[in-house]
Structures are given as structure tokens and as C-alpha cells.
Participant: 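Before I ask anything, here is the structure I am working with.
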Amino acid sequence: MRNHSKSSPWEYIPTLYFTSGVPYVIINTVSVIFYKKLGISNSQIALWTSFLYLPWVIKMFWGPIVDIYSTKRKWMLSTQLAMCCCLGIVAFCLQLPNFFFISLAALTLGAFISATYDIATDGFYLLALTPEKQAFFSGIRSLFYRLAVIFGSGFLVIIAGLLEGYLNNIPLSWTVAIGFSAVILAILFIFHRLVLPLPESDQPRQPKEINQIPFIKIITSYFQQEKIFAILAFILLYRLGEAMLVKIASLFLLDNPEVGGLGLNTSEVGLVYGTFGVVSLIFGGILGGLVIARYGLKKCILPMALALNLPDLFYVYMAYTKPSMKLVYPLVSLEQFGYGFGFTAFTVYLMYISQGEYKTSHFAISTGIMALGMMLPGIVSGYLQNSLGYPLFFVLVCLLTIPGMMTLFFIPLKADRRN
């Protein structure tokens, strides 16, 4: 029998966060691509896939439940198994005439499961690792989460594209690709069941303790922070331009030149956006972490916000000029590099304001508000793109980056604090 207490973080931290990233990227990114290939309109795709952010918006309300009931380990294993089943349903239903409704329902359920898994995993990370190891493995967990993004938006999309040409059957190609991801999650569930440690502090609350937990206090203590309105504005607006862009970028790459797109095939999108783009995003995030560690968040946050937002101009250029593939690769990669670099400041600030006894729940609240800031612009992005066309839509995206940068002058942030 394995001694769980002797498990090294190297055995489970990478795979836990890879498991976190795979469902998220399939639900929020890959779904946009396969719905486009299956004939759903841009406005419908942007609308309904944006609503899939909702569980990450409202997870703050059941974060305390994960914090209190059962153990983080049990929550993680249960949600991993459930997520595997959801992806299996999505893969199967793509063969049905009414695939859109059924797959959307399965993805919605999967989004709630994935959001719950994220809460439990972040809490387990804080319980299973010492503060020193938490700091050391922060980069490792981010790296493997991004590798999951490459797996989903890169590898799976490329495989689906190759199968489209080989099988000459788009629904079956995506059934195989999504089904493969479900098998991967099943293998990871078995692996985690065997290797995850049993931290002494990861214990369910006693009945008396549960009754004494002030649920309202957990929520209200977050909203009683200094300059909370400036903080909320920052979380909602910092990525406003990117929130408009993210649902439309892959559609722009896939759409035919006759309607303003670049006319790439599925595999090319997997390479350009899901592989080279995500690798650039990873390197941007790593560099961002190094820069913040060296100079501190207060000095870096404005330059990093500019790095996040200014590369959106590349999409304006591509929409007007329709460049060759040789130029599309570096432009998309540079935009993603800037996004990774600038997003690091955002995530560090969310950790900065998640303090005190209920920091797991507070971080869940912050990420929930962040998801709301991604969901609402995404809902209208498809309709705006249809009304304005790609060139003017991307101009609007650039203008919408300004409000988020203005909030930087109002949020509380001490100069001498390192994150």
C-alpha cells in the first residue's frame, strides 16, 4: 500500500494543474472552433460560449462549501471523474442532429464541475505545500496549466484538422478529438487516486464548526477592503479589450476572406493560435513573473498593462491588409506574448488582495469577478463583429483597452510589497 504522506509535489502538482487546464480550454476556447466548423454562426457562438464563463463567475458562492465540507482531495477526485464523463457526452453527441443543444448542456455542466475543481485544487495547493514550496511551485503549476492549453487549443485542434482531411467527416473528427481528451482525464483520475497525499490539515469540519462558519462574513469581508470599488473596476476592466477579442480571434482566422477573415484551415489555427500563440503566452508569463519579482508590482503594472493591450493593434492591421501566413504567425505570437506578460500582473494583484483567514474563498471571489469581466463583453462580441465587420471591430477592441488602464491609478498598492 502506497504511503501517501511521502508523495513529492513533483508527482502531483504538474498533473493537477494540467487537469485543471484541459477542461477550461475545451469549454471556453476549443468549443468556439468546433462550433464554427460544425456550421454555427459567429453571433451564436460568441453568445452561448460566453455564458459558459458563468460558473467561474458565481463560484464565489459555493467556494465556502468546498472550503468546509468534505476534503479538498475528495472534491478534486470526484470532479475529475465527473469531468471525464461530461467530455465523453460532448464527444458522443456531436454525431447527433441536435448536437448543439446537447453539447452546450454538457459543456455547461462541465463548466460548473471544472470551476469546482479549480476551487478545490487551489485550496489543496495551500494545504499540501509549505509556504516555501508554494512559492517554488507557483511557476511549475502555471507552466503545466499552459501546457494543457497547448494540448487543448493546439494539439487537439491540429488532430481534428488532420482527421477532417483524412476522414472527410467533420463531426466524427471532433468526436475522436474530444473523446481522446476524456480518455486522458480518466487516466489522470486513476493516477491522482494513487499518488495524491493526505495532508493532515485537509480535514472536513466538525458539525459544530460548520454551524459556526459565517458564510456572510466570508463574502462581506472581501467587499470591505480598502478602495473596493477601484479594485472591482480594475478586475472587470483590465482585460476588457482582450475579453472582446478572445472569442472572435479564432473565428477571424477561420472565416473566409470574402467575409473579412484570413481563411486558415483547422490545423493552421491549431498551430498559429493554439500552439505558437500559447507558447508565446507562456514565455510572456514567465518573463512577467521574473520582472515583478525583480522590480515589484507597483513599478511594473502600468508597463505590463501596455504590453497586454497595445498588441491588439496587430489584429487591426491583419483585418485591413490580409497578410500572408508568414506574417500571421509572428503577429499572433507577439500579441499572445504581450497578453501573457501583462496578465501576470493581473493574477499577482488578485493574490495580493486575497489575504486573511478565508483567502481561498477570497481568491475564488476575485477570479469569479474576473470571469464576469470576460463573460459580459464576450456575449455581445459576436453581434458587434457582425454589425461592424472585422476591421472596425478590432478598432473598437483597441479603444476598449483604455478604461482598464485608467483604473491602475486608483487601486491600492504598496510600493514596498513584493509578490
Side-chain angles (χ1 to χ4, degrees), residues 24-37 40-47 49-50 52-53 146 149-150 152-154 156-158 161 239-257 259-282 284 308-323 325 327-340 342-343 373-375 377-386 388-401:
Y24 183 88
V25 73
I26 290 175
I27 292 168
N28 292 301
T29 301
V30 179
S31 63
V32 174
I33 299 173
F34 69 67
Y35 281 142
K36 179 67 175 178
K37 297 298 295 184
I40 309 299
S41 69
N42 286 7
S43 57
Q44 290 296 303
I45 292 171
L47 172 65
T49 60
S50 292
L52 294 176
Y53 280 118
R146 295 304 180 188
V149 176
I150 294 176
S153 61
L156 285 183
V157 175
I158 292 170
R239 294 199 294 164
L240 178 58
E242 190 68 27
M244 295 290 289
L245 178 66
V246 68
K247 290 295 180 184
I248 303 301
S250 57
L251 300 177
F252 168 65
L253 298 175
L254 284 166
D255 253 333
N256 294 324
V259 294
L262 295 186
L264 278 61
N265 62 41
T266 305
S267 293
E268 287 173 333
V269 172
L271 280 170
V272 172
Y273 197 72
T275 304
F276 285 96
V278 176
V279 169
S280 299
L281 186 147
I282 291 171
L308 173 78
N309 292 314
L310 288 179
D312 291 346
L313 291 168
F314 295 151
Y315 277 91
V316 177
Y317 172 79
M318 289 190 289
Y320 277 104
T321 65
K322 304 295 188 300
M325 279 293 293
L327 195 53
V328 172
Y329 275 95
L331 290 178
V332 171
S333 295
L334 284 171
E335 186 273 331
Q336 288 290 285
F337 178 86
Y339 176 49
F343 182 64
M374 294 295 290
M375 183 184 81
I379 289 172
V380 300
S381 62
Y383 292 100
L384 288 172
Q385 183 274 315
N386 280 340
L388 300 174
Y390 283 114
L392 287 179
F393 173 79
F394 291 132
V395 170
L396 176 63
V397 165
C398 293
L399 293 175
L400 290 176
T401 63

Participant: With a 3.5 Å cut-off and no angle check, do the side chains of K36 and N42 form a donor-acceptor pair?
Facilitator: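 The criterion, which ignores hydrogens and geometry beyond distance, is satisfied for N42 and K36.
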Participant: Side chain of N256, backbone of V259: donor and acceptor closer than 3.5 Å?
Facilitator: no
Participant: Is a side-chain N or O of E242 found less than 3.5 angstrom from the main chain of R239, in a donor-acceptor match?
Facilitator: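 Flag not set: sc E242 to bb R239 has no pair under 3.5 Å.
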Participant: Do E335 and L245 come within less than 4.5 Å of each other through their side chains, counting heavy atoms only?
Facilitator: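 Yes, their side chains come closer than 4.5 Å.
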Participant: Do V332 and F276 have side chains that get closer than 4.5 Å, going by heavy atoms?
Facilitator: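 Contact flag for V332/F276 side chains = no.
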Participant: Side chains of L334 and P311: closer than 4.5 Å at any heavy-atom pair?
Facilitator: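 No - every pair of side-chain heavy atoms lies 4.5 Å or more apart.
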Participant: Taking N28's backbone N and O only, do any of them form a donor-acceptor pair with K247's side chain (distance below 3.5 Å, no angle check)?
Facilitator: yes
Participant: Taking all non-hydrogen atoms of both residues into account, name the closest pair between G152 and V30 and its distance.
Facilitator: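 Here G152 and V30 meet closest at O-CG2, 3.4 Å.
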Participant: Taking side-chain contact (heavy atoms from CB on, under 4.5 Å) as the test, write out the residues that go with F252, two or more places apart.
Facilitator: L262, Y315, M318, A319, Y390, F394
Participant: So do the side chains of P377 and L240 get within less than 4.5 Å of each other, counting heavy atoms only?
Facilitator: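 Of all side-chain heavy-atom pairs linking L240 with P377, at least one is under 4.5 Å.
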Participant: Which heavy atom in S333 sits nearest to a heavy atom in G277, and how many Å separate them?
Facilitator: OG-N, 4.2 Å
Participant: Does C398 reach the side chain of V316, with side-chain heavy atoms less than 4.5 Å apart?
Facilitator: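 When only atoms from C-beta onward are counted, V316 and C398 do touch, with a gap below 4.5 Å.
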Participant: Nearest 0.5 Å, please: how far is CG in L399 from OG1 in T401?
Facilitator: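 Here the interatomic distance stands at 7.5 Å.
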Participant: Going through the checks in order, is the side chain to side chain contact (heavy atoms under 4.5 Å, CB included) test met by S153 and V278?
Facilitator: CA-CA 8 Å; S153 61; V278 176; 3.7 Å; yes
Participant: Can you give me the closest heavy-atom contact between L308 and G342, atom names plus distance?
Facilitator: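 Residues L308 and G342, closest heavy atoms: CB-CA, 3.9 Å.
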Participant: Could you please spell out the steps behind the side chain to side chain contact (heavy atoms under 4.5 Å, CB included) verdict for L251 and I45?
Facilitator: CA-CA 9 Å; L251 300 177; I45 292 171; 4.1 Å; yes
Participant: Let me confirm one number: the OG-CG distance from S381 to L388, rounded to the nearest 0.5 Å.
Facilitator: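 It comes to 11.5 Å.
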Participant: Answer whether the closest heavy-atom distance between the side chains of I150 and V25 falls below 4.5 Å.
Facilitator: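 No; the side chains remain at least 4.5 Å from each other.
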Participant: So how far is it from T266 OG1 to L156 CG, rounded to the nearest 0.5 Å?
Facilitator: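 The OG1 atom of T266 sits 12.5 Å away from the CG atom of L156.
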Participant: Taking all heavy atoms of S267 and all of I158, pick out the closest pair and write down the distance.
Facilitator: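 Reported closest heavy-atom pair: OG-O, 3.2 Å.
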Participant: On a heavy-atom basis, which atom in Y383 and which in Q44 lie closest, and how many Å separate them?
Facilitator: OH-NE2, 3.8 Å
Participant: Please report the closest heavy-atom contact between V269 and S250, naming both atoms and the distance.
Facilitator: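 V269 and S250 have their closest heavy atoms at CG1-CB, 4.4 Å.
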Participant: Using modelled atom types and a 3.5 Å cut-off, is there a donor and acceptor pairing between side-chain atoms of S50 and backbone atoms of I379?
Facilitator: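 Yes, the answer is positive, given that a donor and an acceptor are paired below the 3.5 Å cut-off.
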Participant: Is the closest side-chain heavy-atom distance between K322 and Y317 below 4.5 Å?
Facilitator: no
Participant: Mind checking what makes side-chain hydrogen bond (donor to acceptor under 3.5 Å, both in side chains) contact with Y273, not counting sequence neighbours?
Facilitator: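 Listed in chain order: nothing, the list is empty.
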Participant: Between atom CE of M325 and atom OH of Y329, what is the distance when rounded to the nearest 0.5 Å?
Facilitator: 4.0 Å
Participant: Would L281 and F337 count as a side chain to side chain contact (heavy atoms under 4.5 Å, CB included) if you check the C-alpha gap in whole Å, the side-chain angles of each, and the deciding distance to 0.1 Å?
Facilitator: CA-CA 4 Å; L281 186 147; F337 178 86; over 6 Å; no
Participant: Rounded at 0.5 Å granularity, tell me how far CZ in R146 sits from OG in S280.
Facilitator: 12.5 Å
Participant: Rounded to the nearest 0.5 Å, what separates atom CG in L396 from atom CG in D312?
Facilitator: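 With rounding to 0.5 Å, CG (L396) is 11.0 Å from CG (D312).
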Participant: Just to verify, what does S31 make a side-chain contact (heavy atoms from CB on, under 4.5 Å) with, not counting sequence neighbours?
Facilitator: F34, Y35, T49, L52, L107
